[in-house]
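First up is the structure itself, then whatever we jot down about it.
Just so it is clear, the values below take in all heavy atoms, side chains as well, and ignore hydrogens, waters and symmetry mates. In what follows, chains are A, B, ... by sequence order, proteins preceding strands, each numbered from 1.
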Amino acid sequence: MTTSTSPISRPGLIWRALVLPAALIVLWTLLDAFGALNSDILVSPGKVLVTAYEGFADGSLPGAALATLLRALTGWVIGATLGLAAGVLLGLSGVARGLFDPSISSLRQIALFAWIPLLSAWLGNGEAMKITLIAVGAFFPMALGAQAGCQNVPAPYREVGRVVELDRRAMLTKIIFPAAVPSILAGTELSLNIAWLGTFGAEYLIGTGYINGMGDGLGAYLAAAREYARMDQVLLGVLFLALIGIALDRFVLGLSRRLVPWRMP
Amino acid sequence: MQPTRRTFLGLAAAAAVFPTTFSITRAQSKPDVIRLAGPGNAAGRPYGNGSIGVLRGLELLEKEFEPDGIRIEWQFPRGTGPAINEAFANRQLEFASYGGLPNVVGRGAGVRTTVLAASGISPTYVGVRPAAGIKTLADLKGKKVAFQRGTIFELSLSLILAGVGLKNEDVQIFDLQGADQTAAIQSGDVDALLGQGNQVLALVKSGLVEVLYSTKGSPAPGSTFGSFTVLDSFAEANPEIVARVLRGYVQASHFASLDENREKLYDIFALTGSPRESYVADYAGDDLRDRNSPLLDDFYRANIKAGLDFTLEQKLVRKPFDVDEWIKDGLLTKTLADLGYEAFWTPRAADGKAVQF
Amino acid sequence: MSDVTFKTAGSIAAAPFERAAGKASSHPAAAFRLPRWAKLFLLGIVPPIALLALWSYAVHQEWLAEQILPDPRLVYETTLDLLVTGQLPAELLVSLGRVAAGLALGGGLGLFFGLGFGLFRTLDIYVAPTVRAICLVPSLGWLPFFMLVFGIGEGLKIVLIAKTCFLPLMVGAYEGIRNRPRKYDDVSRALEFSWFARVRLVVWPSILPSILTGVRQAMSRGWKVLILVEMISSAAGLGYLMMWGRKAFQLDVVFATMIVIGLVGWALDHALTRFQHRTTLWSFKAAV
Amino acid sequence: MADALTLSRPKAAQAGSVNILDVSKTFHVDDRTVHALDNVSLAIEPGEFISIVGPSGCGKSTLLRFLAGLDLPDSGRILVDGERIDRPSLKRGIVFQDHRLLPWFDVETNIAVSLHSVAGPEAEKRKRVQYLIDLVGLTGFEKALPHELSGGMSQRAAIARGLAPRPPLMLLDEPLGALDSLTRSHLQDELLAIWEREKSTVVMVTHDVEEAIYLSDRVVVMEPRPGRIASIFDITSERPRHRDDADFVAVRREITNLLAKR
């Protein structure tokens, strides 16, 4: 988002970006010191730190984060793989597009969490259902990205391929897929993002209560924290959620910069 | 692009085949796992309360079936009753002990189950926000009341309100899960909530609500009740296993009914993550036999029938079914006799009073 | 919250039809003389019909218990019943009202902030990162706070939808301002536009496409998060109806609601895309 | 200033005189100082057609932007009809090399937009716009969006936009630079016709020596580093001129040689 004309260096920008949050934390601490905080809603920063320490010490917090991450990645891999296949097919075949495009773009409009009642009726409330939900969420952006990428390969590139008489396979690997990579990566980013949210949502809404499975995740952590009005844990849970979400986002962004140095923001 | 079309046709064929792979695992002669469920808790821990909680906590079934190499799997879904019905319907469960209303709704929707025993009785508490100015049950008229819909509390509310001439339609119902109820009470968005002791009393302790009314200490209408049920298809294929599971269940009920186990009971229940003190307060002064009776007596039947009437009226169930055919007490009677517990619990008449011999 | 609107969805929306049709007509197998739209329509309804047939067959063969796979006819009847009794329209109206309120509130604020960050570099450097970070926390994560602060009433729903609608419009307005073609500034100066005319005739039209894209995304996300929050805490609305169907173990109600949710979401998106195409046609063409 | 303008033809025949006095401008690029213009002076008569040619970097476009009032010189003054330029004005219509039609408006609105700040009845403005559309030969394309026009048509629309407020001084920044030679020579004739009809002063920046000679009363040749006027050629032959006339060819060779020396 920074403009190229920016006279301020990158570290400078980061430093400046941290001014406001720092000020808010100072304000938070001060308000707490003067007892102006409604402790039901906001606990003191110190309390959150202590809770974070405890959470790390007994392993519950990293454990929960790991469980959520693992679940998200499992669902994402399944959904994104299927989405990639479907997207490439739709992008390359006009017949497939004519057949499935209307159906897929209608299904896409169903809010992810609206699948919960149906999926839980079909698959129960266990791991299978959560993974499926995450996969459904990851499927659509990936399919859309891959389709857009394969379908919108600029005609001049295709013509280059035709002129040098590439066979079908080479046409795909040398022209169409490379040209589609930026769009596929954008789909990857979005689908990972949604997989992350979907995981949290699934954990939060459906809860666990099972012995089997991948263990309780951040969603369950947060739900339990809320149940006992542990605002320190709620804050911590949300913080973790945000940090991992941002980290995933950055990771994909960094990956895409490396993979496609051209045409990327 | 010819080959793409072929690929695509192949995929279409695969898609057509897919649902058949979906088809349900066939009932085998001997299962390698038995799956049981109970109502979940907000913390999402795989533990419960009541007889099913004790059965889980003491690991009676695990010990019982270990020689056969049969695993025991437990589910305590947060979605409680409705989630258990779903699990039954897609055959992910064999046994469950859960609230009377979802029991009836599930059976009414056509989930083929049979009642093996009762889940016991638990008082319902009506907690109100102190600032809401609710002094009597009649004051609830027009107020916002929170509970989880589709659970037994929907029926409890109806019965409790009926005592003061009100109906569920006279209050504003908010369908909220446990933690959301807490938040809603805290923010003042709802005025009252309905729940079991462990939940409401924990809120009382934190000063958020006061108990307006409870069915504690009396078999007053509105107490929660439930059933221990088995999936018919499983029961038909594995009658011997059903008998052994029920035996374990009755033993757990027996354990939970002995006053000498009171402290151990609280410890087991506290595994759910609800504060132990709230169980202590909930059970204080109660005869444990009254709370954890598995008997399918007239009181239980009357409750279930009231539940069916209510669900029919609320269109939760579309067509009635024969309650007496659903409740099969033969196996329970035999189990009680085998264990020598015939006289341990006193059957109650339809009004909840103990039957005098 | 979760949004599957793709960045280039606008430009793809038109393309597949042309190409699919072009391909079909050049294909020897598709030699029937059918109008293009009819061919597309016929192709497009094959999978739904196949699915319906499969569904009926599955119900007939009892692959799944009838409680969890209701007869399509029952779903149809239930949908009709819900429509005729006015329950579905009533819930839909409640839901749409919430989205509209949330979009107006959140979208308006997003626009305001986006324009602010786009116009004032100081704000952009010091304030924008924090705002963006706050927005990155998913709506569901905010729910615990929002519930405590706003309760679970109507306020919560609108605030949560507003929060969801905020980011797309903020980004839309910001990107619009930052990437708007500067060369037209000289034009507006040479033509001696007043400040107002400059904004109305040059600046606003140039950022409108990006803002409309933001509105479309906001609408799409807002609709989805609405269903979510109605599922969690509500006494009315489509999400509530769906949850009720689940708890009453009446999957036909769930199906009916899902269909409506999908259709309404599609209709909203489609209408906005059409509107966007109509009002800012130039931007789709100029970009090529 | 805008409201001093009317849609009727300017009465004063003297309108459009330009006086450029000792204008200088330096840019700073990467710690280097570039003298874009170094003490440039030039006087332009009302109604004159002047072309400025020169290699890139000679400051000809900078000079034109000064005339338009889009940028200001570091030192020196520019007077138009005795008034010092300090900001853009509708009295000096400018046509950019990349037509800069607003992509969101159709042709008609793009032309009408230049009358936005001009006082006058709407009906009269509409008439003026239609007149200009006819004049530049875009009749039938009133509702077309810029992306639907060819390069030549876009440039005509841009010229119409520049002409709409009847500026006494027209500034053309390589207006035909991006066009193919056929369209270009066609538009050159149209430009002449328009100029003769509108009787405004025209200052045109171009790369094309032949175009400059073909159109102008005087051709100003500039040279870079520092940007200054190398020479001024008076083209006195009668219009329409012919590119293969001896005079024409001679002047062209002279200018081309001058530019090549650099």
Side-chain angles (χ1 to χ4, degrees), chain C residues 8 10-11 13-15 18 115 118 172-173 175-216 272-288, chain D residues 1-5 61 64-72 85-107 109-119 143-149 154 157-158 161-165 167 169-173:
Chain C
T8 54
S11 55
E18 290 156 20
L115 292 178
E175 296 294 323
I177 289 273
R178 296 306 295 259
N179 300 333
R180 81 190 174 84
R182 299 280 158 165
K183 58 180 182 178
Y184 302 118
D185 286 359
D186 282 347
V187 175
S188 59
R189 286 175 66 203
L191 298 181
E192 284 196 77
F193 284 161
S194 62
W195 181 87
F196 184 72
R198 191 170 97 91
V199 169
R200 188 168 69 88
L201 298 175
V202 179
V203 178
W204 176 252
S206 73
I207 60 174
L208 191 63
S210 148
I211 288 177
L212 281 181
T213 302
V215 170
R216 235 181 68 218
L272 270 177
T273 308
R274 286 287 295 270
F275 176 74
Q276 189 182 10
H277 259 271
R278 188 164 297 184
T279 47
T280 57
L281 180 70
W282 63 271
S283 69
F284 291 96
K285 303 289 179 181
V288 176
Chain D
M1 272 185 209
D3 41 27
L5 226 119
S61 285
L64 201 76
R65 284 179 70 85
F66 288 165
L67 283 170
L70 289 167
D71 293 320
L72 295 178
I85 294 172
D86 53 357
R87 63 189 174 101
S89 160
L90 283 171
K91 284 183 181 172
R92 299 182 295 276
I94 182 162
V95 178
F96 297 95
Q97 179 179 12
D98 52 337
H99 57 79
R100 298 203 190 180
L101 295 175
L102 299 174
W104 40 87
F105 288 143
D106 58 20
V107 167
T109 319
N110 257 299
I111 299 171
V113 110
S114 66
L115 296 176
H116 184 85
S117 304
V118 177
K143 298 293 176 201
L145 286 173
H147 68 82
E148 295 166 319
L149 301 177
S154 304
R161 180 174 68 185
L163 285 173
L169 176 60
M170 275 293 283
L171 305 166
L172 310 178
D173 186 2

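- Closest of all the heavy-atom pairs between F96(D) and V187(C) is CE1-CG2, 3.8 Å.
- Looking at L145(D), only its side chain comes within 4.5 Å of chain C, counting heavy atoms on both sides.
- Counting heavy atoms from C-beta on, the side chains of W104(D) and L208(C) never come closer than 4.5 Å.
- Per-residue heavy-atom pair counts under 4.5 Å with chain C were compared for V113(D), I94(D), L171(D), and the maximum is reached by V113(D).
- Contact record, S194(C) with S117(D): N-OG, 4.4 Å, taken as the closest heavy-atom pair.
- In terms of heavy-atom proximity, L101(D) sits nearest to Y184(C) at O-CE2, 3.4 Å.
- When P205(C), S206(C), P209(C) are compared by the number of non-hydrogen pairs under 4.5 Å with chain D, P205(C) comes out ahead.
- Within the 4.5 Å cutoff, the side chain of R189(C) has no heavy atoms near those of the R87(D) side chain.
- Using a 4.5 Å heavy-atom cutoff, the side chains of H116(D) and L191(C) are not in contact.
- Closest approach of D186(C) and R100(D) over heavy atoms only: OD2-NH1, 3.3 Å.
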